[in-house]
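Okay, structure first, notes after.
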Amino acid sequence: MPELPEVETVRRGLSTLVTGARIDAVEVRRDSCVRLLPGGAAEFAAELTGLRLSRLARRGKFLWAEVAPRAGDDAPVLALSAHLGMSGQFRVHDAAVAGVPDPHPHCRARLGLGDPDLTLDFLDQRTFGYLHVEPLVPTPDGGPGGEGTPLPLVPASVAHIGRDALDPALDLAAASRALRRGTRGIKQVLLDQTVVSGIGNIYADEALWRARVHPERPAHALTASSARALLVATQDVMRDALDQGGTSFDALYVNVNGESGYFSRALEAYGRAGEPCSRCGAPLTRASIGGRSTHWCARCQRRWSARRANPGS
DNA sequence: ATGTCATCCTGCAGGC
DNA sequence: TGCCTGCAGGATGACA
């Protein structure tokens with residue numbers, strides 16, 4: 001499942017290939033992949049045609065292009081935003097290199113680009129992803145919208161999403177405080193994109209494992225230091241994944257496959273139920289928590305703080 | 001305000 | 001062999 005590192009890998013790939021390109025044609029192959037427009041797919045196409053993708057930006061798992069009449073315009077008129085959901089992918093085809101194939105059965109939309117001449121396909125097997133054309137609005141904190149843009153603007157539908165774990169403008173102290181609020185289990189808070197964004201089910205389990213925090217520990221029961229350590233663990237695991245994600249894809253095939261390949265070998269908790277914890281050897285546990293499959297080490301990750309009353313033992 | 005739950009959808013794994 | 005059921009997942013909106 002594409003989480004922050006995968007979406008960032010896609011953003012970088014797209015940024016290299018399609019920045020500045022003009023949108024010449026828009027073909028929506030499945031109407032439901034376009035969200036929230038009264039005029040539906042026709043309005044989506046009409047709004048975009050003739051404009052240019054001036055910059056590729058990302059906050060958490062939300063990806064967007066600033067769209068403007070001219071390339072590199074710092075007064076974009078719209079955002080072309082995308083969420084990959086569970087299975088969204090972008091593929092770029094260069095007719096001059098390998099020709100443009102017939103659309104894949106899972107292709108939901110195809111954009112014909114000019115200058116450079118490319119075809120940009122949006123594929124989505126499970127159809128939880130979407131494309132959207134919408135206005136850009138000021139960021140609530142006045143900082144840059146996200147990775148890839150200096151402008152203090154985000155698509156309207158992203159305005160309520162918190163800064164992501166790798167955002168240099170993330171306020172670590174405020175985020176740690178937000179993480180400790182409420183009665184929900186800490187894993188559910190990690191997955192709440194309005195607190196700190198970009199974390200999905202896989203990296204939530206990995207970060208909790210690294211920080212030795214039980215996924216069901218009530219958020220308010222975390223100490224300030226363990227909340228901070230958890231946030232740092234989240235950043236570390238995402239950076240590690242990003243380092244590996246960057247190496248395993250080639251320029252014209254912008255890959256978003258969360259489970260096949262690169263980082264899955266480095267996972268310590270997710271998908272490893274029954275296998276020994278690499279830290280302590282105890283078998284890893286799996287259960288459904290808040291409707292999400294969750295993996296942890298019952299020995300290393302205690303439900304309550306491991307602070308001992310009898311330090312001598 | 002806060003938290004929980006069903007919902008969208010498709011492909012695959014498992015059971016019989 | 002083939003059908004059927006259930007599950008996986010992110011975000012949202014309805015509801016308690």
Of all nucleotides in DNA chain B that come within under 4.0 Å of a heavy atom of chain A, which is furthest toward the 5' end and which toward the 3' end? dG3(B) to dG11(B)
Would you say the side chains of K187(A) and T294(A) form a donor-acceptor pair under 3.5 Å? yes
Just the rounded figure in Å: distance from P of dT12(C) to CZ of F128(A). 13 Å
With a 4.0 Å cutoff (strictly under), does any side-chain N or O of H83(A) reach OP1 or OP2 of dG10(C)? no
Spell out, as yes or no, whether a donor-acceptor pair under 3.5 Å connects the side chain of R210(A) to the backbone of L230(A). no
Are R279(A) and W209(A) in a cation-pi setup, meaning NZ or CZ lies under 6.0 angstrom from the ring centre and within 45 degrees of the ring axis? yes
Between R29(A) and D124(A) (salt bridge meaning N to carboxylate O under 4.0 Å), is one present in this structure? no
DNA chain C contacts made by residues 183-201 of chain A, counting heavy atoms under 4.0 Å: Q193(A), G200(A), N201(A)
Taken to the nearest whole Å, CG/D124(A) to C1'/dG9(C) is 12 Å
Between the two end axes of the helix from dT2(B)-dA16(C) to dC16(B)-dG2(C), each built from 5 base pairs, what angle do you get to the nearest 10°? 50°
Just the rounded figure in Å: distance from P of dA11(C) to NE2 of H132(A). 15 Å
Pairs flagged by ring-ring contact (aromatic ring centres under 6.0 Å, His included) wherever residues 49-82 of chain A is involved - sequence neighbours left out: F62(A)-H83(A)
Atom-pair distance (CZ on R126(A); C1' on dA11(C)), nearest Å: 16 Å
Full working for side-chain hydrogen bond (donor to acceptor under 3.5 Å, both in side chains) between H93(A) and D121(A): CA-CA 8 Å; H93(A) 305 288; D121(A) 282 349; 3.3 Å; yes
State, with a plain yes or no, whether a side-chain heavy atom of L166(A) is found less than 4.5 Å away from one of R239(A). yes
Anything under 30° is parallel, anything over 60° is perpendicular, the rest tilted; go ahead and classify H106(A) against H104(A). tilted
Considering only NZ, NE, NH1 and NH2 on the basic side and carboxylate oxygens on the acidic side, decide whether K61(A) and E3(A) come within less than 4.0 Å. no
Mind checking if R30(A) touches a base, just sugar-phosphate, or nothing, with heavy atoms under 4.0 Å? sugar-phosphate
R30(A) and S32(A): CA distance, side-chain angles, deciding distance, side-chain hydrogen bond (donor to acceptor under 3.5 Å, both in side chains) verdict: CA-CA 6 Å; R30(A) 183 190 169 103; S32(A) 65; 2.9 Å; yes
Below 4.0 angstrom, N of the basic side chain to O of the carboxylate: do R12(A) and E8(A) qualify? yes
List in numerical order all residues of residues 283-296 of chain A for which some heavy atom is under 4.0 Å away from an atom belonging to DNA chain B. none
R286(A): side chain to side chain contact (heavy atoms under 4.5 Å, CB included) partners, not counting sequence neighbours: A273(A), S293(A), H295(A)
L4(A) CG - dA11(C) P separation (whole Å): 11 Å
Salt bridge present between D171(A) and R163(A) (N-O < 4.0 angstrom): no
Between H106(A) and R181(A), whichever has its closest DNA chain B nucleotide further toward 5' is R181(A)
